[in-house]
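Heads up: the structure comes next, in C-alpha cells.
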Amino acid sequence: MALKPNSADGRTRSWVQIFIVFGLCCFFYILGAWQRSGFGKGDSIALEITKHGADCAIIPSLNFETHHAGEVGNVGESEKIKSFQPCPPRYVDYTPCQDQKRAMTFPRDNMIYRERHCPREEEKLHCLVPAPKGYVTPFPWPKSRDYVPYANAPYKALTVEKAIQNWIQYEGNVFRFPGGGTQFPQGADKYIDQLAAVIPITNGTVRTALDTGCGVASWGAYLWSRNVLAMSFAPRDSHEAQVQFALERGVPAVIGVLGTIKMPYPSRAFDMAHCSRCLIPWGANDGMYLKEVDRVLRPGGYWVLSGPPINWRNNYKAWQRPKEELEEEQQKIEDVAKLLCWEKKHEKGEIAIWQKRVNDESCRGREDDSQAKFCKAEEANDVWYKKMDVCVTPYPDVSSSSEVAGGELKPFPERLFAAPPRIASGSVPGVSVETYEEDNNIWKKHVNAYKKINRLIDSGRYRNILDMNAGLGGFAAALNSPKLWVMNVMPTIAEKDTLGVIYERGLIGIYHDWCEAFSTYPRTYDLIHAHGLFSLYKDKCNLEDILLEMDRILRPEGAVIFRDEVDVLIKVKKITAGMRWDTKMVDHEDGPLVPEKVLVAVKQYWTVGGNTTSAQ
C-alpha cells in the first residue's frame, strides 16, 4: 500500500525552496550592483594572479606571466603605454632638490645655497636615472658597514683628503671604512665607549640619535651594535659623496644642512644629538642652531660636542686658530646652553656633554631673561620650509618637578609597542590607545602577508627600507629587525601628523612632500612601501612624477610594495609598465572581495649603456 504524503513536510520543503530562491536573487542583485560600481575591475586581475600562485619570492624566482600586460588595458584599451627613456649618463647621481648647478645661484650666507632648491615644473626630468656602469648589489649588513663596492660610488677624493683620519680607504675594487672620523681617528667604537661613560647608551634609555654633519656616518654605523638608531645628515658634496657612502654602507642618512630652515623632524624626537667637528657655528645668530637642536631634543636628552672649540686652551695651536677667537666661540655656546637650561655633565679632552632638563620647573628664572624669547608651542612641529626663529621651544606642562615633560618613555625595545605618550595623553586627535593597538595588529597581519609574497623580506637582502606614508609607524614596528632599518616619511599633506609618535616608539622618520624629490641620492633604498600614498596625492600632483622619483631612489633589483584601492593601482601599474619594472597584483590578505589590493614590483637591473635584465 502506498504511503500518503505528509502535507506538513511538503509545506516545509516549499518554504525552504522559496527562501533559497529569494536568497540567490538578493545575492546576484548585490553582486551585479557591486560590479557596476567599479570595484570589480581588479578582482579578475587578483583572482587570476592568485590562481597562478602569488606565494613566491619576488627576487629572483618570481615569474611574471604575460597576461598581466593585457590587464592594464582595463584602464583604456586605446591608451598606449608611455615608455620612459634613460636619462643621460651625467645624471647618474642626480639629486633634483640639491643640484649643484642650481645651488650656486643662491646666496652662501647661512648655507642657503646648500638648502633644498627644487626644480620648477618645466625643469623636471621625465626620464629614468641610470646606475653607474658595473653597479652591484651592496654587501649585506654588517659587511656593508666596512665595505662598499667601488663601482657603486666611484669617488676617491675622500681617500686622499681624509687619509690620516681613517674615514675611508680604497682597496682594489672596494672602499674600506675602518671606522675612523675626524675626531676619532682610532675608531668610532672607542669614541662611543667614552660617551657611554656619561650617557646611558647601552640600557635602551637612548634609542634615537641625530648626527649633524655626519661625514660618512661611522658614528651612526657603530651605534647600531648598541641598539641605537641614528639619523645622520650632511650637505650635498661638502665632502664628495659623504652621504652617498653612508647609505651604501646601510646607515640611515639624508642630505641636509643647518641653514635658515627648520630641520624636518618633530619636536622632542631624539634622545641624543651629536656634532663631531661638524663645522656648524653653534654660537652664531644668537644661538639659533643650538635652539633648533633643543627643539628636536627630548626632555632629558643629551647633546655631544667634540672638537673645536672644546678644550681650546690646549689645542688652539694644533687647530691653528687664535685662542681669543676660540675662547669667544666656546663662551657663546656656554651662554646659549645656560639660556636653554641645559646642564653640563662632562668636559674632558675635546668632548663636552650637556643634558636637557626633563622639564622647565628648575628654569623658571629664564622667563624673566630678556634674551629668552619663546616660540609658539603650536608651531613646534610646523617645520616644512619654515624659517628658523631665534626663540626657545617651550616644554609641555607638567604637574610636578619630577615629571618628564611630554611623558616618560619606556626603554627600547619595550617602547616599540608601548602606548606612546602623545597618544596616551590624547594629543593626537582621533587616535586612542585602543586604535593604536588595533593599528599594530593590522600591520603585523599585513607584514606577515608581505613575507609570504616576498620571502626575501627580513632575509638580509633588504637593508635600507622606505615607508612613504608611515602613519603610526606600524609597518616599521612589525618589520623591526637587526638586519634592516626603515625611514618613516610623514607626508606634509597627511590628515594627522604622527611623526612624533613614530619617534616615541624608538623609530626614525622625516617630514616630506612627495610632490618634490626626496633629500637623498639615487639608489638609496632596497625596498619601498607605499600605503595609500597615491590616493592621498590624487589631484595634488602628477603621479608619474612620484613614480619616477621612486625609481630614482630605488636600487636596481629593489622591490616596491603598493597597498591602495584597486582603481588607483591599475593606474600605477600602467605607468610602471613603461619604467622597466616588473609588477604583479595580488589580493588583500582577507580575500578578493576587499577593494584594497597589493601591487608588488621589482626594478629591473640596468646601467649606463647596458642592457636591461628582468627579474625572473
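Worth knowing before you read on, the calculation uses all heavy atoms, side chains too, and leaves out hydrogens, waters and symmetry mates. On a predicted model such as this, the values are computed, not experimentally measured, just so you know.
Remark: SG of C97 is found under 2.5 Å from SG of C118.
Within 6.0 Å of CD in E495 there are 12 or fewer heavy atoms belonging to other residues, nucleotides or ligands. A 6.0 Å sphere centred on NZ of K376 holds no more than 12 heavy atoms belonging to other residues, nucleotides or ligands.
Less than 6.0 angstrom separates the ring centroid of W303 from the ring centroid of W282.
A donor-acceptor contact shorter than 3.5 Å is absent between the side chain of D211 and the backbone of A217.
Sorted by first then second residue, the side-chain hydrogen bond (donor to acceptor under 3.5 Å, both in side chains) pairs that include residues 473-482, not counting sequence neighbours, are D458-S481. Applying the disulfide (SG to SG under 2.5 Å) test to pairs two or more places apart or on separate chains, those with a residue in residues 463-534 are C515-C541.
For the 3.5 Å distance criterion, the side chains of T393 and R268 fail to qualify, holding no donor opposite an acceptor.
A search for salt bridge (charged side-chain N to carboxylate O under 4.0 Å, His left out) contacts involving R463 returns nothing, not counting sequence neighbours. With sequence neighbours left out, D397 forms a salt bridge (charged side-chain N to carboxylate O under 4.0 Å, His left out) with no residue at all. Residues satisfying the side-chain contact (heavy atoms from CB on, under 4.5 Å) test with P132, not counting sequence neighbours, are V92, Y135, R523. Every residue was checked against the side chain to side chain donor-acceptor pair (under 3.5 Å) condition with E379, not counting sequence neighbours, and none meets it. Applying the side-chain contact (heavy atoms from CB on, under 4.5 Å) rule to M579 yields the partners F84, L128, L547, D551, I575, T576, W581; only residues at least two apart in sequence or on another chain are considered. In terms of the side chain to side chain donor-acceptor pair (under 3.5 Å) criterion, residue partners of T520 (sequence neighbours excluded) are, by chain and number, T524. Not a single side chain to side chain donor-acceptor pair (under 3.5 Å) links T498 to another residue, sequence neighbours left out. Residues satisfying the side chain to side chain donor-acceptor pair (under 3.5 Å) criterion with D389, sequence neighbours excluded, are K373. The ring-ring contact (aromatic ring centres under 6.0 Å, His included) search around F518 returns H512, W514, not counting sequence neighbours. In this structure, the salt bridge (charged side-chain N to carboxylate O under 4.0 Å, His left out) partners of D545, at least two apart in sequence or on a different chain, are K124.
In this structure, K262 fails the cation-pi test against Y511, since its NZ or CZ atom is not both closer than 6.0 Å to the six-membered ring centre and inside 45 degrees of the ring normal. Remark: K356 qualifies as a cation-pi partner of Y395 under the 6.0 Å distance and 45° angle criteria applied to the six-membered ring.
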Item to check | Test salt bridge (Lys or Arg N to Asp or Glu O under 4.0 Å) applied to R207 and D271, step by step | outcome: CA-CA 6 Å; R207 164 62 178 176; D271 300 307; over 6 Å; no

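Salt-bridge check for E596 with R563: passed, with a basic side-chain N closer than 4.0 Å to an acidic carboxylate O.
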